[in-house]
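The basis for the numbers below is simple: all heavy atoms, side chains too, and nothing from hydrogens, waters or symmetry mates.
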Amino acid sequence: MRIFFSLVAMLLFSGVLYAHGISEADKQAMLDGGNLKYIWLGATHMITGYDHLLFLFGVIFFLNNFKDVVKFVTIFTIGHSITLIFATFLGIQANYYLIDAVIAISVIYKGFDNIKGFENYFGIKSPNLLLMVLVFGLIHGFGLSTRLQQLPLGEDSFEMLMRIISFNVGVELGQIAALIAMLIVLNILRKLDAYERLSKVANHFLMFLGFMLLLMQLHGYQHQSLVEENWFDKQTHKHIHEDMDIAEKNSYRHSNSLLE
């Protein structure tokens, strides 16, 4: 069990670090290429953007009607397209760790809603799902905008707008590809006799992943704040994590020696 939680934490933490930066190679590719490069980057960001995909997976989990899937995915798309395009074009910025922390909360929220948490634990009707998907879509789009604003978008307004729209088109294409894969998996699960039990486990696990994401984002924000406030420099920050790793390994060896 310890190994399982460690692997999950390592996976999420490494993903958080990757998600908050645009590599130099990607930046150079944007300078060398045209709008197709932005489409490609938008698609790959969505396909690898597990926080967005986890939320979307939770949204469609219990949707059996194709029209309902289209309706909710469309409202989510409208939401994140609005903030992605306008926040980027107008240069509206926010701390990406805090935005992604709210996105993590959206994942927890959807898992909680799927297990009928509002009815079972609070005795109240859950909020209108369509409205909540739109609200969280706006927040997810703001998160995507924080990534896009790290790219060279140009100084010409029309050129900038076209690159933003191209990135957004890529995001939608990546979302469609991921959605097809999700629907295939869900269709297989729904045919199993243990589907009802698996659905509870899956949505509790969805909440767990959202909670882990939330911890990672708050961790990143806290350490970013400490570095910016000069409580310690980046090199000291690195040494702290190295010392923590050494301490954990020593503790693990000590536990094994006691068991022998």
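A single hydrophobic cluster is not seen to contain both I184 and F66; linkage of ILVMFWY side chains at heavy-atom distances under 4.5 Å, directly or through other members, places them apart. In terms of hydrophobic clustering, with Ile, Leu, Val, Met, Phe, Trp and Tyr side chains grouped at heavy-atom distances under 4.5 Å, M162 and I39 are assigned to different clusters. Neither V201 nor L209 shares a network with the other; the hydrophobic side chains, linked directly or stepwise wherever heavy atoms of I, L, V, M, F, W or Y lie under 4.5 Å apart, form separate groups for each. Neither L148 nor F158 shares a network with the other; the hydrophobic side chains, linked directly or stepwise wherever heavy atoms of I, L, V, M, F, W or Y lie under 4.5 Å apart, form separate groups for each. Hydrophobic clustering (side-chain heavy atoms under 4.5 Å, transitive across Ile, Leu, Val, Met, Phe, Trp, Tyr) keeps I47 apart from L84.
The aromatic rings of H45 and F167 sit tilted, their planes meeting at an angle between 30° and 60°.
Counting heavy atoms from C-beta outward, L213 and L54 have side chains that approach closer than 4.5 Å. When side chains are defined from C-beta on, M182 counts as touching L53, because their heavy atoms get closer than 4.5 Å. Using a 4.5 Å heavy-atom threshold, the side chains of K71 and N65 count as separate.
The minimum heavy-atom distance linking L63 with R190 is given by the pair O-NH2, 3.3 Å. Q175 and L56 get closest at one heavy-atom pair: CG-CD2, 3.8 Å. The heavy-atom pair separating G143 from D100 by the smallest distance is CA-OD1, 4.3 Å. The two atoms that bring L130 and N128 nearest to each other are N-OD1, 3.1 Å, heavy atoms only. Here the closest non-hydrogen pair linking L134 and G79 is CD1-CA, 3.9 Å. In plain terms, the two heavy atoms of P127 and M132 that are nearest each other are CB-CG, 3.8 Å.
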Working for side chain to side chain contact (heavy atoms under 4.5 Å, CB included), residues S126 and F112
CA-CA 10 Å; S126 60; F112 185 73; over 6 Å; no
Please walk me through it: do F89 and S157 pass side chain to side chain contact (heavy atoms under 4.5 Å, CB included)?
CA-CA 8 Å; F89 189 73; S157 297; 4.2 Å; yes
Given the rule in the side chain to side chain contact (heavy atoms under 4.5 Å, CB included) test, do N168 and I164 qualify, once you have shown the distances and angles that lead to the verdict?
CA-CA 6 Å; N168 190 63; I164 295 171; 5.6 Å; no
Verify side chain to side chain contact (heavy atoms under 4.5 Å, CB included) between I139 and T83, making sure each step is shown before the conclusion.
CA-CA 7 Å; I139 297 170; T83 45; over 6 Å; no
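For Y96 and Y221, the ring centers sit 6.0 Å or farther from each other. For Y50 and F57, the ring centers sit 6.0 Å or farther from each other.
Under the rule for a salt bridge (Lys or Arg N to Asp or Glu O under 4.0 Å), E119 has no partner lying at least two apart in sequence or in another chain. Every ring-ring contact (aromatic ring centres under 6.0 Å, His included) that H140 has, sequence neighbours left out, goes to H52, F55, F76. Applying the side chain to side chain contact (heavy atoms under 4.5 Å, CB included) criterion to L214, with sequence neighbours excluded, gives A101, A104, I105, I108, L218.
We find the CG-CD1 distance between L179 and I60 to be 5.0 Å, quoted to the nearest 0.5 Å.
Not one N or O on the side chain of S81 forms a donor-acceptor pair closer than 3.5 Å with the backbone of I78. Looking at N120, its side chain does come within 3.5 Å of a backbone N or O of K116 through a donor-acceptor pair. A donor-acceptor pair under 3.5 Å is absent between the side-chain atoms of N187 and the main chain of L183, judged by distance alone. In this structure a side-chain-to-backbone donor-acceptor pair under 3.5 Å is missing from Q217 to V102.
More than 12 heavy atoms of other residues, nucleotides or ligands shown are found within 6.0 angstrom of CZ on F61. The environment of F86 atom CZ is sparse: at most 12 non-hydrogen atoms of other residues, nucleotides or ligands sit within 6.0 angstrom.
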